[in-house]
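These notes concern the structure reproduced below.
Computed from heavy atoms alone, side chains included, the values below leave out hydrogens, waters and symmetry copies. Source: prediction; values computed, not measured. Throughout, numbering of the chain's residues begins at 1 and tracks the sequence.
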Amino acid sequence: MPSTADSSSSDGRPALDGHGDNSQSIEEMLLEFDDQEGLIRDRTLLDPNYIVKEDRIVGRDHQLQEVTKMLRVALGDNRPPNLFLYGPSGTGKSLITKAVCKNISQICESRNIRFGTIEVNCQDLDTLGVAVYELAGRAAEEAGVGVEVPKHGVATKEKWDELYRIVNENFDSIVFVLDELDMLVGRRDKQEPAFSRLLYQLSRAGANDDLTAHISLVAISNDTKMMESVGSRALSSFTPEDVHFDDYDANQLQAILRRRQDAFYDGVLDDDVIPLAAAFAAQTHGDARKAIDLMRVAGELAEREGNERVREIHVRQAQDKVEKNRVLEVVRGISTQKKLCLYATAAVAGETDGGTARSTTGYRVYEFLTDTIGADQYHQETYVNKMKELTTYSLVDFERRSHGPSSGMFLEFQFGERPETILETLREDSRLDSVSSSEVQSVVKSRLRQKS
């Protein structure tokens with residue numbers, strides 16, 4: 001393989017040097033890399049959030065038609081219905097919504113209809129007031145105007161009034177896209193979750209003449225049971241049309257990746273790269289975002305190593321990296337109690353043939369962990385509830401099982417990522433790292449023997 005930056009690969013592109021000269025200045029290294037085209041030609045196609053053209057959308061014909069038919073009412077300067085899009089993470093919910101709204105916007109512009117799409121991801125919004133201000137800010141950004149109330153120090157009502165003002169003055173029709181809405185829980189002392197109050201207020205705004213523009217709400221969630229937590233008042237005014245998104249299978253994931261492989265230069269992908277990336281993603285609830293991320297990270301790893309091709313080894317390295325990053329992102333923001341529940345359950349799953357963990361066994365290991373580090377110990381029902389809450393992150397799923405007709409029920413937890421990766425990431429917490437891994441493993445094996 002060529003070893004200098006001046007060498008060229010077989011297709012005429014400059015080859016990358018995997019061994020930089022430490023005597024080079026930062027500027028020289030930057031300019032040297034700037035002169036090299038690398039392996040990736042168009043990085044935007046490897047961004048899961050990039051709105052691709054319709055011919056790149058795969059396996060979602062029914063959902064695309066449903067969302068288009070319902071939102072197209074905005075083209076006639078009328079109010080589209082509210083929608084509830086639900087299904088596992090990475091199954092095209094946000095992609096379809098963005099693609100349809102982008103096309104509506106282009107047609108409305110030609111018809112002098114002031115149409116806007118206001119999208120927020122609720123994962124990082126902790127209160128209703130913060131969510132309303134975020135909506136006002138996104139509406140102002142879409143309209144090219146400023147927000148006239150401060151983020152802090154004012155009542156939530158003033159933020160609502162500012163949102164209404166911006167929308168009424170700048171839009172004839174608007175779609176609010178509330179992604180990962182179930183994550184907006186709000187203050188724990190409120191019986192009704194913040195996402196329920198947000199839906200109620202927005203869906204009632206038109207009826208109360210607070211909003212003169214036609215508005216539609218698109219609620220997006222990975223939690224199929226989210227609507228069960230919506231209050232009766234909000235539910236009666238929201239009344240959405242439901243659109244379900246199921247998992248992608250391995251063949252659909254391959255088709256998605258093949259429609260994005262022109263992100264790379266011709267001939268730089270080995271034949272087994274796309275099938276392997278699709279197979280890895282298919283193991284995680286058919287997550288297209290993960291498949292695209294794997295391709296991007298594999299390409300970047302190959303570039304950094306100075307390779308002229310993206311190979312199977314780069315996909316396997318990318319799998320480890322993407323998996324760890326996703327788990328780290330989730331566990332970084334959860335409480336110590338949830339970490340203990342997750343650690344105990346993953347420790348059990350790591351020792352079973354099917355990679356699953358019964359709630360009864362997981363709770364016994366949880367008891368051991370809390371005793372060992374001196375943490376508060378909750379009842380089994382609370383442990384189960386905390387594990388159920390973790391399903392919203394697509395990290396773990398569960399099914400109800402029974403020992404038999406005369407025995408009680410239990411939950412069996414299944415992990416979307418390898419239990420070993422979860423354990424390794426959780427051990428970055430010093431309290432969990434202080435517990436001997438071998439001792440935990442011994443407790444797990446003992447409990448599993450008792451179960452059998």
Side-chain angles (χ1 to χ4, degrees), residues 42-87 89-122 135 137-145 166-167 170-181 202-203 206 211 213-221 240-246 248 252-253 255-263 288-289 291-292:
D42 184 356
R43 294 178 190 273
T44 58
L45 287 174
L46 298 177
D47 178 357
N49 297 314
Y50 176 68
I51 306 175
V52 295
K53 293 182 179 179
E54 187 176 342
D55 60 355
R56 294 183 189 270
I57 298 175
V58 176
R60 289 294 174 261
D61 292 346
H62 172 70
Q63 291 87 347
L64 184 60
Q65 289 175 6
E66 288 292 298
V67 174
T68 301
K69 286 177 181 177
M70 287 184 274
L71 292 184
R72 68 182 177 183
V73 177
L75 295 175
D77 194 17
N78 291 301
R79 179 190 176 278
N82 297 323
L83 305 180
F84 176 47
L85 277 50
Y86 64 98
S89 176
T91 51
K93 301 182 296 294
S94 300
L95 174 66
I96 294 294
T97 306
K98 291 177 184 177
V100 172
C101 287
K102 182 178 180 181
N103 278 272
I104 291 174
S105 180
Q106 292 169 345
I107 297 174
C108 281
E109 187 175 358
S110 69
R111 298 181 180 181
N112 293 320
I113 298 172
R114 298 178 302 170
F115 174 82
T117 306
I118 310 305
E119 181 194 3
V120 295
N121 189 304
C122 299
L135 287 170
R138 295 295 176 90
E141 184 180 340
E142 178 88 351
V145 299
I166 294 170
V167 171
N170 297 281
F171 300 99
D172 300 314
S173 183
I174 195 163
V175 174
F176 289 101
V177 181
L178 310 173
D179 205 354
E180 298 193 71
L181 180 59
L202 281 174
S203 56
L211 283 174
H214 299 297
I215 75 162
S216 174
L217 310 181
V218 179
I220 300 176
S221 175
E241 299 284 346
D242 293 357
V243 183
H244 175 243
F245 287 70
D246 50 4
Y248 289 112
Q252 289 172 325
L253 290 170
I256 289 169
L257 295 180
R258 293 199 186 283
R259 281 168 173 77
R260 296 191 185 222
Q261 74 181 83
D262 54 328
R289 281 200 187 97
I292 296 166

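Checked by atom type and distance alone, the side chain of T97 pairs as donor or acceptor with a backbone atom of K93 at under 3.5 Å. No donor-acceptor pair under 3.5 Å is formed between the side chain of R79 and the backbone N or O of A74. N78 places a side-chain N or O within donor-acceptor distance of the main-chain N or O of G76, the cut-off being under 3.5 Å. A distance-only check finds no donor-acceptor pair linking the side chain of D47 to the backbone of R43 [under 3.5 Å]. In this structure, E241 contributes its side chain and N82 its backbone to no donor-acceptor pair below 3.5 Å.
When every heavy atom of L83 is checked against every heavy atom of V67, the shortest pair comes out as CD1-CG1, 4.2 Å. Closest heavy-atom contact between F171 and F115: CD2-C, 4.0 Å. Contact detail for L135 and L178: the closest heavy-atom pair is CD2-CD2, 4.1 Å. In terms of heavy atoms, L253 sits closest to A291 at CD2-CB, 4.3 Å. Residues T44 and Y50 share a closest heavy-atom pair of O-CB, 3.2 Å. The minimum heavy-atom distance between L181 and A219, with the atom names listed, is CD2-CB, 3.7 Å.
Going from atom CD of E142 over to atom CD1 of I166 covers 12.0 Å, rounded to the nearest 0.5 Å. Taken to the nearest 0.5 Å, the CD1 atom of I96 stands 11.5 Å off from the CD1 atom of I51. Note that the CG atom of L217 and the CD1 atom of I118 stand 12.0 Å from one another [nearest 0.5 Å]. Rounding to the nearest 0.5 Å gives a distance of 8.5 Å between CD1 of I174 and CG of L211.
For residues 60-70, the pairs satisfying salt bridge (Lys or Arg N to Asp or Glu O under 4.0 Å) are R60-D246, with sequence neighbours left out. Judged as a salt bridge (Lys or Arg N to Asp or Glu O under 4.0 Å), the pairs with a partner in residues 96-105 (not counting sequence neighbours) are, in order, K98-E119.
Contacts of S221 classified as side-chain hydrogen bond (donor to acceptor under 3.5 Å, both in side chains), with partners at least two apart in sequence or in another chain: D182. Every residue was checked against the side-chain hydrogen bond (donor to acceptor under 3.5 Å, both in side chains) condition with T117, not counting sequence neighbours, and none meets it. With sequence neighbours left out, R114 forms a side-chain hydrogen bond (donor to acceptor under 3.5 Å, both in side chains) with D172. Under the salt bridge (Lys or Arg N to Asp or Glu O under 4.0 Å) criterion, D262 pairs with R56, not counting sequence neighbours.
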Evaluation steps, side chain to side chain contact (heavy atoms under 4.5 Å, CB included), between I113 and L75: CA-CA 8 Å; I113 298 172; L75 295 175; 5.7 Å; no

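Side-chain contact between I57 and V52 is present, with at least one heavy-atom pair separated by less than 4.5 Å. Inter-residue side-chain proximity for I215 and V175 is flagged as unmet; no heavy-atom pair is nearer than 4.5 Å. When side chains are defined from C-beta on, S216 counts as touching L71, because their heavy atoms get closer than 4.5 Å.
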